[in-house]
Amino acid sequence: MPRSHAPQEISSRETGLRSAGERLAAAEPARAAEILAARINGTIRDLAAPVAPEDEVAPVRPGDPEGLEILRHSSAHLLAQALKELYPGTRLGVGPAIEDGFYYDVETPVPLSDEDLPKIEERMRAIARAALPVRREELTRAQAESLMNERGETYKLEILRELPEDAVISVYRQGDFVDLCRGPHVPDTGRLKVFRLTKLAGAYWRGDNRRAMLTRIYGTAWAREEDLEAYLTRLAEAEKRDHRRLGRLMDLFHLQEEAPGMVFWHERGWVLYRLVEDYVRGRLSEHGYAEVHTPMLLDRSLWERSGHAEKFATQMFVTGSENREFAVKPMNCPAHVQIFNQGLRSYRELPLRLAEFGVCHRNEPSGTLHGLLRVRSFVQDDAHIFCTPEQIEPEVGAFIDLLFSVYRDFGFEDITIKLSTRPEARVGDDRLWDRAEQALAGVLERKGLGYDLQPGEGAFYGPKIEFSLRDCLGRVWQCGTMQLDFFLPARLGASYVTEKGEKETPVMLHRAILGSLERFIGVLLEHYAGVLPLWLAPTQAAVLTITSRQDAYARSVVARLEAAGLRTFADLRNEKIGLKIRERTLERIPYLLVVGGQEESSGSVSVRTHDGRNLGVLTLDNVIDVLTREARPRTPQNDGAAGGREHRL
RNA sequence: GCCGGAGUAGCUCAGCCGGUAGAGCAACUGAUUCGUAAUCAGUAGGUCGGCAGUUCGAGUCUGCCCUCCGGCACCA
């Protein structure tokens, strides 16, 4: 057992108690060396923590989730110590364990770059090899402050000052290094073996862009070497799914300097885009939405009335003509209110659901642009529902059902939900907010959907639910949304006549399922690694000839497939079948139909799937039957029963 | 926008201490008519992201700008 296990500051000698480490080591001497920490009556503590005879103590090992987290957190300390040694004067921010690793935010006297990482990592390994004991000390606030003050840790002092009155204040020491930290940590730095520094980034102190930008160093740490290897392999695999790479490979779209954040859709990509759009168009129509289309440019005065000129100004592209100022629409809602405002509306017309696939532009900060996932020009599957307060709940419920059914059709199951409630600055009285928040939460709960509550994160005009999907690197992107709006309709003068003949302002629900089509298609591509389900594949089947003698037959096959509504073409190049298969496979074409002399004479094709299965020689009728059946979108609602358009216009 | 990195042929990338640009694949031409993931040979292809500057000389050094990549903040 490493000598570091002998408890020091929190002395078991004084209390007459043994340390958790000692007890665990005694219980299982053979495996003592791998124990990182102890679970004492359910709480994870250092091995040096004292235990009473009646305490329940269980070991925490590197393979446990809690053990891994400790490894990562201690690795962050190791990083900080290396930085303090290499760059005296370095100030520490925060250094937590995160998914797959850890980071530390620091302020260094000299700027760091990627090239410094190997040197820092080397120092970390040296400190780890020294197997320095890691010791916890509990201090009074005054002691902690003077310690941090004397070490010039201004950021730590700030954290210290904000700790609650009754907080236990602890520091951890290893060698000359000391860090304000709650712990727990590994018993000695020798436990830290499998780690690697990965990247360098800037990060605002406390996540506040008005404050200093610190240097964030990211690392990854694991229990075993093979876990690290697996992690690196996972990253490499993720890179292969990158939608930007697939977009080029599959000839779907491109981006170029002259149009940052705006997509050039190529023929195949646009086929996919239209398939997605038409699918949603169909679903919305089933569910009683009316599609409209409104101008892309609107006079500044409208944006002033809507409040966008004030709230959204920096994100709007503007242009002018004959002394008039126009803004390119960043969203469709004000225009939809204009449609609502034509003529006198009756409560009988509500809920009125107006949908639009309108092109919107937002001047996003340059640093945020990211392939299809964050663009400046995009189309949302946008709609606004004008309704009465009583209709909020059923509308939200119907929307969520529709959303999940759409996500299911596209093959998404991993969906995260966030509910954002009233912010400090808001419009509308609290009774309305109570009702709206309860309606949203109630619908989610009744449907048994788990969600993260984000208090205070709602829009100033209403609470919202956000639905997010993940990209290949696990980054979460918001797609669907349901936002209640008590503000805009009134602001733009929308009203309807109630049953009693009085004028009332409608509630407006902003909602989207896919969010932007661009983003959704990006996530979709990564989700399937480009191997799209047949109904979405831009090209569903390619007809590959063995020799030029089959050219005419191949053309006739294409004609038959096209007549059956399939997307296909013939590859008549004078190339070997192996090359054609390779290239068309890399393009992610789901079915390859090989035709040679035998198939021609029997009116058939030899069918090969994208994943390399050879289905053998099938007749053309058979193939058309199989493919057209598979090419139908997966929509249980689509079986003809949909009678949906409910609005009474 | 901020921090760090990068931008060389269509793609992936090499190019040392400053001396006038290179590979593989793709393209093109020719040959090959071939049975389930790369047929062979030849040819051509570059304002080295842009603009200034230093220098006898800049892909290489300096400055400014643009774009992209990874984060942060923001956000569909």
Side-chain angles (χ1 to χ4, degrees), chain A residues 103 105 107 111-117 198-218 239 242 244-245 248-249 254-261 312 314-315 330-331 360 362-376 378-382 464 466-469 473 475 477-481 483 510-520 522-523 544-551 572-586 592-599 606-617:
Chain A
Y103 69 76
D105 283 351
E107 184 186 272
L112 298 182
S113 81
D114 291 334
E115 287 146 32
D116 299 312
L117 294 183
T198 51
K199 59 197 171 189
L200 205 93
Y204 296 108
W205 171 236
R206 304 237 130 164
D208 184 341
N209 63 9
R210 289 162 309 196
R211 307 201 59 182
M213 174 149 291
L214 306 183
T215 303
R216 174 172 296 180
I217 299 173
Y218 283 94
E239 202 172 317
D242 190 314
R244 294 164 296 189
R245 178 177 164 273
R248 194 167 47 235
L249 207 70
H254 84 271
L255 293 140
Q256 67 184 49
E257 278 201 30
E258 289 81 356
F312 222 76
T314 55
Q315 288 187 70
M331 43 188 78
C360 294
R362 295 184 192 172
N363 195 2
E364 302 288 350
S366 57
T368 66
L369 304 180
H370 182 93
L372 296 180
L373 300 185
R374 187 76 181 265
V375 292
R376 282 181 175 154
F378 57 93
V379 173
Q380 289 169 297
D381 60 326
D382 194 18
K464 61 183 173 183
E466 294 178 339
F467 303 86
S468 299
L469 302 173
L473 289 172
R475 294 178 292 205
W477 297 89
Q478 188 198 315
C479 292
T481 186
Q483 294 183 227
H510 306 251
R511 39 108 295 154
I513 297 173
L514 309 185
S516 97
L517 297 195
E518 284 76 4
R519 170 176 294 178
F520 189 78
V523 176
L544 313 182
T545 52
I546 301 284
T547 77
S548 57
R549 284 190 293 278
Q550 289 87 45
D551 286 4
L572 306 179
R573 291 175 303 164
N574 176 14
E575 295 290 353
K576 287 181 155 179
I577 194 66
L579 182 96
K580 293 185 186 181
I581 286 174
R582 177 181 160 77
E583 289 188 349
R584 301 311 178 186
T585 300
L586 290 173
L592 301 181
L593 310 180
V594 177
V595 299
Q598 294 154 35
E599 287 79 8
S606 175
V607 183
R608 183 190 160 105
T609 62
H610 174 267
D611 57 10
R613 282 176 300 135
N614 192 336
L615 302 189
V617 176

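G612(A) comes within 4.0 angstrom of nothing in the nucleic acid, heavy atoms only. At a threshold of 4.0 angstrom between heavy atoms, the contacts of R613(A) with the nucleic acid are absent. Contacts of G578(A) with the nucleic acid, taken as non-hydrogen atoms under 4.0 Å apart, involve only primed sugar atoms and P, OP1 or OP2. Residue contacts for G596(A): at a heavy-atom cut-off of 4.0 Å it reaches a base atom on one of the strands shown. Residue-level contact check: A201(A) touches the bases, meaning some heavy atom is under 4.0 Å from a base atom. Q315(A) comes within 4.0 angstrom of no nucleic acid atom, judged by non-hydrogen atoms across all strands. Looking at heavy-atom distances under 4.0 Å, K576(A) makes contact with a base.
Between the P atoms of C51(B) and C66(B), the separation comes to 15 Å (whole Å). On the C1' atoms, C72(B) is 35 Å away from G15(B), given to the nearest whole Å. With both ends at atom C1', the span from C74(B) to C3(B) equals 16 Å, rounded to whole Å. Taking atom P in both U33(B) and C40(B), the straight-line distance is 15 Å, to the nearest Å. Of the C1' atoms belonging to G7(B) and U47(B), the separation is 15 Å, rounded to the nearest Å. Here, A26(B) and G42(B) have their P atoms 15 Å apart, quoted to the whole Å.
To the nearest angstrom, C1' of G4(B) lies 6 Å from CG of D114(A). Following rounding to the nearest Å, E575(A) (CD) and A37(B) (C1') show an atom-to-atom distance of 14 Å. As a whole-Å value, the separation of M213(A) CE from C3(B) C1' is 5 Å. Distance, R475(A) CZ to C74(B) P: 17 Å, rounded to whole Å. Note: CG (L572(A)) to P (C34(B)) measures 16 Å, nearest angstrom. Residue L592(A) contributes atom CG, which lies 13 Å from atom P of A38(B) at whole-angstrom precision. A straight line from CZ of R584(A) to P of A26(B) spans 14 Å, rounded to a whole angstrom. One interatomic measurement links the two molecules: CG of L200(A) to C1' of A6(B), which rounds to 14 Å at whole-angstrom precision.
A donor-acceptor contact under 3.5 Å is formed by the side chain of R608(A) with the base of A37(B). Side-chain to base pairing of Y204(A) with G1(B): one donor and one acceptor N or O lie within less than 3.5 Å of each other. For a distance-only test at 3.5 Å, the side chain of R374(A) qualifies as a donor-acceptor partner of the base of C75(B). Donor-acceptor pairing under 3.5 Å, judged by distance alone, is absent between the side chain of E364(A) and the base of G1(B). Remark: the Q483(A) side chain and the A76(B) base include no donor-acceptor N/O pair separated by less than 3.5 Å.
For the side-chain hydrogen bond (donor to acceptor under 3.5 Å, both in side chains) criterion with E364(A), the lone passing option out of R376(A), H370(A), R374(A) is R374(A).
Residue R244(A) places at least one side-chain N or O closer than 4.0 Å to OP1 or OP2 of G70(B). Between R549(A) and C34(B) there is a side-chain N or O to OP1 or OP2 distance below 4.0 Å. Within the 4.0 Å cut-off from OP1 or OP2 of G1(B), at least one side-chain nitrogen or oxygen of S366(A) is found. The phosphate of C75(B) has neither OP1 nor OP2 within less than 4.0 Å of any side-chain N or O from Q478(A). Remark: H370(A) is in phosphate contact with G70(B), judged by side-chain N or O atoms under 4.0 Å from OP1 or OP2.
For the pair E583(A) and I546(A), nearest-nucleotide mapping onto RNA chain B gives the more 5' position to E583(A). Nearest-nucleotide assignment on RNA chain B puts the 5′-proximal partner with H610(A), out of H610(A) and D242(A).
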Per-nucleotide protein contact string for nucleotides 11-18 of chain B, where B marks a base within reach and S marks sugar-phosphate only (heavy atoms under 4.0 Å, - for neither): SS------
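With a 6.0 Å radius and a threshold of 12 heavy atoms from other residues, nucleotides or ligands, E115(A) has its CD atom at or below the threshold.
Checked against C72(B), U36(B), A76(B), the side chain of Y218(A) finds its nearest nucleotide in C72(B). For S548(A), counting side-chain heavy atoms from C-beta on, the closest listed nucleotide (U33(B), G71(B), C75(B)) is U33(B). Nearest nucleotide to the side chain of S113(A), out of G49(B), G5(B), G35(B): G5(B).
A salt bridge links D611(A) to R613(A): one of the charged nitrogens lies within less than 4.0 Å of a carboxylate oxygen.
Between the side-chain ring of F378(A) and the base of A76(B), a stacking contact exists by the 5.5 Å and 30° definition.
With a glycosidic angle no more than 90° from 0, C17(B) adopts the syn conformation.
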